[in-house]
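Read the structure below first, then the notes.
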Amino acid sequence: MVHAPARPPAGAPPVRINLYSDTQTRPGAAMRQAMMAAEVGDEQYGDDPTVHALCDRMAALLGKEAAMFLPSGTMCNVVAILTHCRPGDEVLAHETAHILTSEGGTHAALAGVQINPLRGARGMFDAGALRAAIRNGSRYAPPQRLLEIEQTANLGGGAVWPQAQIDAVVAVAREQGWSTHMDGARLMNAVVASGIPAAEMVAGFDSVWLDFTKGLGAPLGAVLAGSAEFIGQAWRWKQRLGGSMRQAGICAAACLYALDHNINRLAEDHANARTLARGLRQIEGMAVEEPDTNLVFFNPSGAGLAAEALVAALRAQGIHLSLLGGRVRACTHLDVTAPMIEETLGAIRAVLKAA
Ligand SMILES: *Cc1c(COP(=O)(O)O)cnc(C)c1O
């Protein structure tokens with residue numbers, strides 16, 4: 001059975017500290033002001049000036065010719081894969097990639113592609129693993145069409161792909177004649193953490209997108225960028241999927257606000273994540289993955305409590321964390337402050353002591 005998202009259990013205390021996901025950031029007063037003041041038009045008709053301003057700015061930031069505004073990151077992945085591939089094609093991606101684990105099988109359902117799951121530590125693979133997956137090109141083999149990587153790697157613990165490793169896998173793709181796509185849901189976290197400019201980081205990719213609803217704090221929207229020809233073709237899929245909008249400038253204004261105000265501050269989220277990881281590591285038996293960015297994965301079972309039990313005990317105190325594959329994930333973002341991190345550490349220590 002498929003479930004609609006569960007509503008909060010009756011009687012659950014309100015969430016005071018939300019480490020569940022950076023998608024749960026709320027647009028603040030200044031962002032809402034920017035949305036109120038936005039000049040708008042008919043986006044579907046090519047007539048919304050604020051959407052054009054956002055797309056021009058994103059194309060420049062990412063060093064691509066053109067960009068399009070879409071309602072969500074998932075739609076960016078779907079539109080890109082539909083544009084790059086034909087039914088029966090193979091996409092090469094990490095086995096934990098969002099396109100493979102977290103998009104409802106959409107790429108099989110809508111694009112008719114198969115995804116070859118590659119292995120490697122922390123959501124990344126190297127050129128050797130990619131090379132080992134090259135098929136022989138016979139009529140028996142699925143045509144390999146697209147390399148996909150995630151920057152940062154979400155289930156890899158928010159890991160930042162080292163630039164040399166990106167360059168090496170892109171080189172294999174180029175040599176094989178494959179297209180390249182970057183799921184850049186948290187691209188700016190990687191840019192801030194590494195200091196490498198976005199355009200340089202994504203130079204080897206035919207398509208790349210950025211989500212505005214993660215740490216950047218906008219209520220909705222993502223921007224997909226690529227060559228003018230790619231974006232031109234992608235418009236057909238945007239239209240077919242119902243992703244063409246109307247007065248979307250209201251939302252694009254929030255994204256422009258985020259580009260101006262919410263990028264450099266991602267460094268604070270990374271510092272908070274490191275503080276949390278350091279505090280957790282001081283608890284005996286706690287298994288903690290060192291965060292590159294804003295995601296902290298840990299497993300408390302060695303410290304005396306199963307992940308599920310810890311998450312439930314904290315939620316009862318208004319501290320919200322997520323459970324992912326038997327691990328706990330804490331996500332820092334613009335609604336999480338340094339004192340909240342200290343309070344969370346204190347609450348975790350108290351829960352473990354009581355257990
Ligand atoms: C969140 C996320 C997506 C999907 O973005 P939505 O805007 O939620 O549709 C895709 N890929 C990665 C890596 C993500 O973290």
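We count ligands from 1, going down the list as the structure has it; atoms in each ligand are counted the same way. Start at 1 with the first residue, then count along the sequence.
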Within residues 155-164 or reaching into it, pairs that qualify as side-chain hydrogen bond (donor to acceptor under 3.5 Å, both in side chains) - sequence neighbours excluded: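 Residue pairs passing side-chain hydrogen bond (donor to acceptor under 3.5 Å, both in side chains), neighbours aside: Gln163-Asp167.
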
List, for ligand 1, each N/O atom that has a protein N/O partner under 3.5 Å away, with both atom names and the distance.
unit_1	atom_1	unit_2	atom_2	d
ligand 1	5 (O)	Asp211	OD2	3.0
ligand 1	7 (O)	Gly73	N	2.8
ligand 1	7 (O)	Asp211	OD1	3.4
ligand 1	7 (O)	Asp211	OD2	2.7
ligand 1	9 (O)	Gly73	N	3.3
ligand 1	9 (O)	Thr74	N	2.8
ligand 1	9 (O)	Thr74	OG1	2.7
ligand 1	11 (N)	Asp183	OD1	3.2
ligand 1	11 (N)	Asp183	OD2	2.6
ligand 1	15 (O)	Asn154	ND2	3.1
ligand 1	15 (O)	Arg186	NH1	3.0
ligand 1	15 (O)	Lys214	NZ	2.8

Salt-bridge criterion met for Glu90 and Arg135 (N-O under 4.0 Å):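 Between Arg135 and Glu90 there is a salt bridge, with a charged N closer than 4.0 Å to a carboxylate O.
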
Between Asn77 and Glu103: side-chain donor-acceptor atoms closer than 3.5 Å: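 Asn77 vs Glu103: donor-acceptor pair found between side chains.
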
Taking distance alone, no hydrogens or angles, what donor-acceptor pairs closer than 3.5 Å link side-chain atoms of residues 210-226 to residues at least two apart or in another chain?
unit_1	atom_1	unit_2	atom_2	d
Asp211	OD1	Thr213	N	3.4
Asp211	OD1	Thr213	OG1	2.9

With Glu289, the salt bridge (Lys or Arg N to Asp or Glu O under 4.0 Å) member among Arg122, Arg274, Arg327: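 Single pass found, and it is Arg327.
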
For Ala12, side chain to side chain contact (heavy atoms under 4.5 Å, CB included) partners two or more places apart: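 Expected list: Pro9, Arg315.
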
